[in-house]
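Single-structure report; data block below.
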Amino acid sequence: QVQLVESGGGLVQAGGSLRLSCAASGRTFSISKMGWFRQAPEKEREFVAALRYTGSYTYYTDVVKGRFTISRDNAKNTLYRQMNNLKTEETAVYYCAADLQFTSVFQSRYYDYWGQGTQVTVSS
């Protein structure tokens, strides 16, 4: 089992920045990948970014490339996402996810462990 706890959400103005954190505990030594997803009201959950532990490869959805950065602190078993130049349409609940299998990083169904979510609100 893996437990995930997100933090760092909040209210920010458009163009501003936030850094989200996701602390993992439990079977962290078995984690293969971690990712961030978001879900806006009345919309489906969508992929934002992910990091595959083997090789530390990172992946981003096109709309956040160049603005969001995903990184990991091995010693703290924590995943971070730095979000810059935020847009109002990026208001959503952001979820951290983890999985032990070497499967797709882009689809939520390939993640078995989820955090509780953290609200990010971007005002105009």
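For the ring-ring contact (aromatic ring centres under 6.0 Å, His included) test, residues two or more places apart in sequence or in another chain that qualify with Phe47 are Phe37, Phe106. Considering only residues two or more places apart in sequence or on other chains, Gln13 meets the side chain to side chain donor-acceptor pair (under 3.5 Å) condition with none of them.
Here the side chains of Asp112 and Leu100 are not in contact, with every heavy-atom distance at 4.5 Å or above. With contacts defined as side-chain heavy-atom distances shorter than 4.5 Å, the pair Val120/Glu90 does not qualify. Counting heavy atoms from C-beta on, the side chains of Met34 and Leu4 come closer than 4.5 Å. The shortest side-chain heavy-atom distance between Cys96 and Trp114 does not fall under the 4.5 Å cut-off. Considering only heavy atoms from C-beta on, Gln101 stays 4.5 Å or farther from Tyr110 through its side chain.
Of all heavy-atom pairs between Val2 and Ala24, the closest is CG1-CB, 4.5 Å. Nearest heavy-atom pair, Tyr60 versus Lys65, reported as atom, atom and distance to 0.1 Å: O-CE, 3.4 Å. Nearest heavy-atom pair across Thr88 and Ala14 is CG2-CB, 4.2 Å. Contact detail for Thr54 and Tyr57: the closest heavy-atom pair is O-CD1, 3.4 Å.
Between the side chain of Thr91 and the main chain of Val122, a donor-acceptor pair closer than 3.5 Å is present. In this structure, the side chain of Tyr111 engages the main chain of Val105 through a donor-acceptor pair within 3.5 Å.
Atom CD of Gln1 has 12 or fewer neighbouring heavy atoms from other residues, nucleotides or ligands inside a 6.0 Å radius.
Each of Leu86, Asn85, Val63 was evaluated against Phe68; a single residue qualifies, Leu86, per the side chain to side chain contact (heavy atoms under 4.5 Å, CB included) test.
Listed by first and then second residue, the side-chain hydrogen bond (donor to acceptor under 3.5 Å, both in side chains) pairs that reach into residues 21-34 are Gln3-Ser25, Arg27-Ser30, Lys33-Asp99, Lys33-Thr103, sequence neighbours excluded.
Atom CD of Glu6 is separated from atom CH2 of Trp36 by 5.5 Å, given to the nearest 0.5 angstrom. Here the CD1-CG distance, from Ile31 to Leu79, works out to 9.0 Å after rounding to the nearest 0.5 Å. One distance of note links OG of Ser56 with CZ of Arg72; it measures 5.0 Å at 0.5 Å rounding. Between the CD atom of Glu44 and the OG atom of Ser108 there is a distance of 9.0 Å, given to the nearest 0.5 Å. Here Ile70 contributes atom CD1 and Gln82 contributes atom CD; the two are 12.5 Å apart, rounded to the nearest 0.5 Å. For the atom pair Lys87 NZ and Arg67 CZ, the distance stands at 4.5 Å (nearest 0.5 Å).
One hydrophobic cluster, built from ILVMFWY side chains closer than 4.5 Å, cannot hold both Tyr59 and Leu20; they sit in different ones. Residue Val93 is not grouped with residue Tyr113 when hydrophobic side chains (ILVMFWY) are merged at heavy-atom distances under 4.5 angstrom, including chains of intermediate members.
A cation-pi arrangement is absent between Arg81 and Tyr94, since the terminal nitrogen or guanidinium carbon is not both under 6.0 Å from the aromatic centre and inside a 45° cone about the axis.
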